[in-house]
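Per chain, numbering begins at 1; letters A, B, ... match sequence-line order.
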Amino acid sequence: MKQTPKEKIKFLKEVLGTRYPEPRSELLFESPFQLLIATILAAQATDRQVNIITRELFRAAPDAKSLSLLEPESILKLVRSINYCNNKAKNIRSVSIILTEQYAGKVPETREELEKLPGVGRKTANVVLAAAFHQPVMPVDTHVHRVSNRLGLCHTSKVEETEAALIAIIPEPWVVDFHHYLLLHGRYTCKAKKPDCPTCPLATICPSTGKTTS
DNA sequence: AACTCGGGGCA
DNA sequence: TGCCCAGAGTT
């Protein structure tokens with residue numbers, strides 16, 4: 001069963017949406033600022049953790065200025081239950097101050113500016129650019145990278161090349177959801193060490209099925 | 001390239 | 001219980 005990358009994407013869209021929970025896009029799109037903060041907090045954390053924390057956090061401080069005015073201890077208390085809470089509390093406070101003082105409280109719309117913010121790397125920047133500003137960029141983490149290569153959507157060890165390959169074949173409105181679903185798929189099924197091919201809904205189109213590759 | 005941060009999820 | 005990270009920053 002040979003399929004073009006675009007045909008595979010269409011198949012993924014149909015199948016993965018029924019296997020994994022839907023992304024909480026209504027929260028993510030409340031404002032670019034809240035998306036940015038939630039994405040910073042999301043590193044090495046779960047959706048559930050982030051949803052719980054951000055609900056409280058954004059009730060206390062819905063925008064950059066109000067977050068910048070909170071005491072550091074108050075912010076730490078709000079994010080204490082998440083991993084790397086000390087770093088993240090410090091980072092989101094610094095980010096809110098920088099945005100307030102240098103960007104009139106708004107989120108910059110270039111990757112160069114975003115990556116200068118503490119706690120924001122390439123992946124987080126791309127999430128914001130794609131989800132909040134609808135720019136044609138693809139967020140790629142270790143899961144998306146690994147799964148994409150196994151599926152034959154790309155053949156590279158370089159994240160930048162995976163980004164380029166994916167953005168070329170994924171319909172723009174589905175980029176953010178694609179990232180969400182492939183991340184979950186990589187986490188729970190297409191695992192790094194023991195991929196669960198027997199229960200994988202993509203096995204029929206996946207050239208790596210049955211191969212215990214890396 | 002290797003190491004750190006560090007609570008949670010999962011086997 | 002123990003292992004492995006939904007990254008980013010530092011060395």
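- Comparing atom distances between the A/Asp141 side chain and each of C/dG7, C/dC4, B/dG9 picks out C/dG7 as nearest.
- A salt bridge does not link A/Glu7 to A/Lys10: none of the charged nitrogens lies less than 4.0 Å from a carboxylate oxygen.
- With rounding to the nearest 0.5 angstrom, the CG atom of A/Leu12 is 7.5 Å from the NE2 atom of A/His185.
- Separating the CG atom of A/Leu117 from the C1' atom of C/dA8 is a distance of 13 Å, rounded to the nearest angstrom.
- Taking every side-chain heavy atom of A/Asn86 into account, B/dG6 is the closest of C/dC4, B/dG6, B/dG9.
- Atom C1' of nucleotide B/dG6 and atom CD1 of A/Ile53 are separated by 13 Å, given to the nearest angstrom.
- Distance CD (A/Gln44) to P (B/dC10): 15 Å, rounded to an integer number of Å.
- Comparing A/Tyr188 and A/Ser81 against DNA chain B, the residue whose closest nucleotide sits nearer the 5' end is A/Ser81.
- Atom CD1 of A/Ile40 and atom P of C/dA8 are 10 Å apart (whole Å).
- Placement of A/Val120 and A/Phe133 within a single hydrophobic cluster is found when ILVMFWY residues are connected by side-chain heavy-atom separations under 4.5 Å, directly or transitively.
- Taking the nucleotide of DNA chain C with the nearest heavy atom to each of A/Leu184 and A/Val120, the more 5' of the two is matched to A/Leu184.
- When the P atom is compared between B/dC10 and C/dG7, the two are found 15 Å apart, to the nearest whole Å.
- Residue A/Arg80 places no side-chain N or O under 4.0 Å from the OP1 or OP2 atom of B/dG7.
- For the pair A/Asp47 CG and B/dG7 P, the interatomic distance rounds to 20 Å; values are reported in whole Å.
- A sub-4.0 Å separation between OP1 or OP2 of C/dC4 and a side-chain N or O of A/Lys193 is present.
- For A/Tyr84, taking side-chain heavy atoms from C-beta onward, the closest of the listed nucleotides B/dG9, B/dC5, C/dC4 is B/dC5.
- Put simply, A/Thr124 has a side-chain N or O that comes within less than 4.0 Å of OP1 or OP2 on C/dA8.
- Heavy atoms of A/Leu41 sit nowhere under 4.0 angstrom from any nucleic acid atom.
- Atom P of B/dG6 sits at a distance of 16 Å from the matching atom of C/dT11, rounded to the whole Å.
- Put simply, the side chain of A/Leu99 does not reach to within 4.5 Å of the side chain of A/Leu67, judged on heavy atoms.
- A/Leu151 and A/Trp174 fall within the same hydrophobic cluster, defined by Ile, Leu, Val, Met, Phe, Trp and Tyr side-chain heavy atoms under 4.5 Å apart, directly or through other members.
- Hydrophobic clustering, with ILVMFWY side chains joined whenever heavy atoms are under 4.5 angstrom apart, groups A/Tyr103 together with A/Phe33.
- Per the geometry, NZ belonging to A/Lys123 stands 12 Å off C1' belonging to C/dA8, to the nearest Å.
- Computed from coordinates, the A/Gln49 CD to B/dC10 C1' distance equals 13 Å when rounded to whole Å.
- Nucleotide B/dT4 holds its P atom 17 Å from the CG atom of A/Asn83, rounded to whole Å.
- Counting non-hydrogen atoms under 4.0 angstrom, A/Asn91 reaches nothing in the nucleic acid.
- In this model, the phosphate group of B/dG6 is not approached by any side-chain N or O of A/Asn87 to a distance below 4.0 Å at OP1 or OP2.
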